[in-house]
Amino acid sequence: MDRLRIRGGTPLLGSLYVGGAKNAALPLMAACLLSDEPLTLDNVPMLADIASLAALLRQHGATVDRGDGGRLRLHAPTISNTTAPYDLVRKMRASVLVLGPILARCGRAKISLPGGCAIGTRPIDLHLKGLELLGADIDLSEGYVTAVAKSGLRGAHIRFPMVSVGATENLLMAATLAAGETVLVNAAREPEIGDLAHCLVAMGAKIEGIGSDTLRIAGVARLHGAGHRVIPDRIEAGTYAMAAAATGGDVTLIGCRPENLETVADKLIEAGVEIRAVAGGMRVMRRNGPLEGIDVTTLPYPGFPTDLQAQMMALLATAKGASVITETIFENRYMHVPELARMGADIVVHGSTATVRGVERLTGAPVMATDLRASASLIVAGLVAEGETTVNRVYHLDRGYERLVEKLTGCGAVIVREAA
Ligand code: EPZ
């Protein structure tokens, strides 16, 4: 297993390109199953999660081929296998996103239950309840969910009791081929869902309310092929913004969309970071002197994203004064806390709230990555800490950050990847 070796204390200076959004590319790839015509996606990042989903799609009968410059060509002329097996699904929860498309296209689908992961149990009850409302019979046995809709799916009025990105995506895709109108109320509003909806419309779907919490979908008989460019990754951009701010640097994030990071920018500015929208991206600078402690609560979009909570904590670990972080989305998303504490951070967790008391400095140490965003948090801390930090189990990072070492060294970071 590889590890990263970081020597902290160097301000990040320069610019880096923000890649395509992992959490947009994954549902977009699943959407290829809705049509018998080819779907071409551009700006798809080269990530482990993308490769995992490509492998799953291939065993359903799709071809998935890489072209130049982030292009992915997907084509599912037929779906030869409607079962998503445990050994593939367990690797990545987003595999559950093939459920809606396969059921809508074939009238049946059998998907291994994803199981939990480091940040929580992460059930799929909202996905299944929504599919039942669309007319599917759902059966759970031996770790698999089987969904059957012999006479096809029928439009329905679905109100989500809580906001769920994945459930919104699964049901949005299924509804495009359901007979009649479907209304999704209290739908998630993450930009990645808007990106998926725009691609589905390009494929011939009829969707209204894109970007709002109420989506109206008029089902159509079939969807045709399309081409679509994946939006930039706001979480990658936010991660590097926090690294730049933490190190007292000045970095331009090329290609990111500031409008998708407004709440994050507001919080960084509140902490004392200078943020400027520039042509084609965003410039992040740390004004002189320490940052100020602030309070952060994670919420569904447009609130502060849970996927940036760990990175923000690393940034606030050396701010002046105390910060209170409240995680409202996942029940166990503080796995990075003990590792940050090994580096000298002063953090106390009570339930879903973490109190971070700023310290003068962090010191480098060997630390362990536990999940994708916790790993990013340890890198932000390592870039600030005095001395050397080694981050083990770097495979977590490969799931969501393309060419991270190259991008950071391009801004002056002292970081190398080595086989452990
Ligand atoms: C998506 O996960 C993202 N993943 C996550 O990013 C992100 O943290 C999350 O949305 C929240 O923004 C992808 O897009 C591939 P949810 P998802 O359904 O869809 C509960 C990363 O680091 N819930 O919005 O799984 C669930 O347990 C990853 O890139 C139910 O109870 O998130 C969680 O507590 C991590 N029942 C909360 O809702 C359900 O049926 C939000 O989950 C579904 C979800």
Side-chain angles (χ1 to χ4, degrees), residues 19-31 45 47-50 52-53 56 89 91-100 111 113-133 138 140 145 147 158-173 184 186-196 213 230-231 233-239 260 263-264 298-312 327-333 335-336 352 369-377 396-402:
K22 165 180 83 82
N23 291 348
L26 292 169
L28 286 165
M29 289 170 69
L47 297 170
D49 276 7
I50 301 293
S52 300
L53 187 57
L56 180 63
V89 172
K91 280 190 199 136
M92 186 188 57
R93 172 184 169 75
S95 309
V96 76
L97 292 173
V98 303
L99 175 58
I111 310 286
L113 285 167
C117 68
I119 61 179
T121 51
R122 301 178 73 187
I124 59 169
D125 55 311
L126 301 179
H127 301 238
L128 302 180
K129 283 191 189 111
L131 292 173
E132 277 182 325
L133 288 171
I138 303 286
L140 293 180
V145 58
I158 300 172
R159 172 183 296 279
F160 291 108
M162 63 183 285
V163 173
S164 162
V165 170
T168 301
E169 290 166 342
N170 235 335
L171 293 163
L172 171 60
M173 289 191 279
L184 301 181
N186 197 26
R189 295 170 52 196
E190 272 66 5
E192 294 76 30
I193 289 167
D195 202 36
L196 172 63
D213 64 0
V230 179
I231 57 170
D233 194 321
R234 63 192 168 98
I235 304 302
E236 182 191 24
T239 301
N260 288 346
T263 310
V264 176
T298 66
L299 288 168
Y301 193 88
F304 189 92
T306 174
D307 290 351
L308 284 172
Q309 175 258 105
Q311 301 90 314
M312 190 58 144
E327 171 59 57
T328 71
I329 309 292
F330 291 107
E331 71 264 24
N332 184 31
R333 205 169 197 176
M335 310 278 277
H336 44 287
S352 63
T370 51
D371 60 87
L372 170 56
R373 306 304 176 181
S375 321
S377 157
H396 288 292
L397 270 173
D398 295 339
R399 298 190 54 176
Y401 291 94
E402 184 181 10

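In listed order, ligands and their atoms are each counted from 1. From a predicted model like this one, the values you see are computed outputs, not experimental measurements. Side chains included, hydrogens not; waters and symmetry mates left out as well; all remaining heavy atoms used.
At least one heavy atom of Pro123 lies less than 4.0 angstrom from ligand 1. Within the structure, the closest approach of Arg333 to ligand 1 falls below 4.0 Å when heavy atoms are considered. A heavy-atom separation below 4.0 Å is not found between Met92 and ligand 1.
Residue-ligand proximity, Gly166 to ligand 1, at heavy-atom distances under 4.0 Å covers atoms 18 (O), 19 (O). For ligand 1, the atoms lying closer than 4.0 Å to a non-hydrogen atom of Lys22 are 21 (C), 29 (O). Taking a cut-off of under 4.0 Å to the non-hydrogen atoms of Asn23, the atoms of ligand 1 that pass are 3 (C), 4 (N), 6 (O), 13 (C), 14 (O), 15 (C), 21 (C), 29 (O).
Remark: the backbone N or O of Met92 is not paired with any side-chain donor or acceptor of Ser52 at under 3.5 angstrom.
Residue-to-ligand polar distances place Ile329 within reach of ligand 1: an N/O pair is separated by less than 3.5 Å. Distances between N or O atoms of Glu331 and those of ligand 1 include no value under 3.5 Å. Close N/O approach between Ser164 and ligand 1 is found [any backbone or side-chain N/O within under 3.5 Å]. Taking any N or O of Met162, backbone or side chain, none lies under 3.5 Å from an N or O belonging to ligand 1. Checked against a 3.5 angstrom limit, the closest N/O atoms of Glu169 and ligand 1 fall outside it. Not one N or O of Thr306 is nearer than 3.5 Å to an N or O of ligand 1, by distance alone.
Of all the heavy atoms of His127, the ones lying under 4.0 Å from any atom of ligand 1 are found in both the backbone and the side chain. Residue Leu126 touches ligand 1 through backbone and side chain together, judged by heavy-atom distances below 4.0 Å.
In this structure, atom 17 (P) of ligand 1 lies nearest to the protein heavy atom Arg122 NH2, 3.7 Å.
The side-chain contact (heavy atoms from CB on, under 4.5 Å) test with Asp307 is passed by exactly one of Leu372, Ile235, Thr239: Ile235.
Taking NZ of Lys22 as the start and CG of Asp49 as the end, the distance is 5.0 Å to the nearest 0.5 Å.
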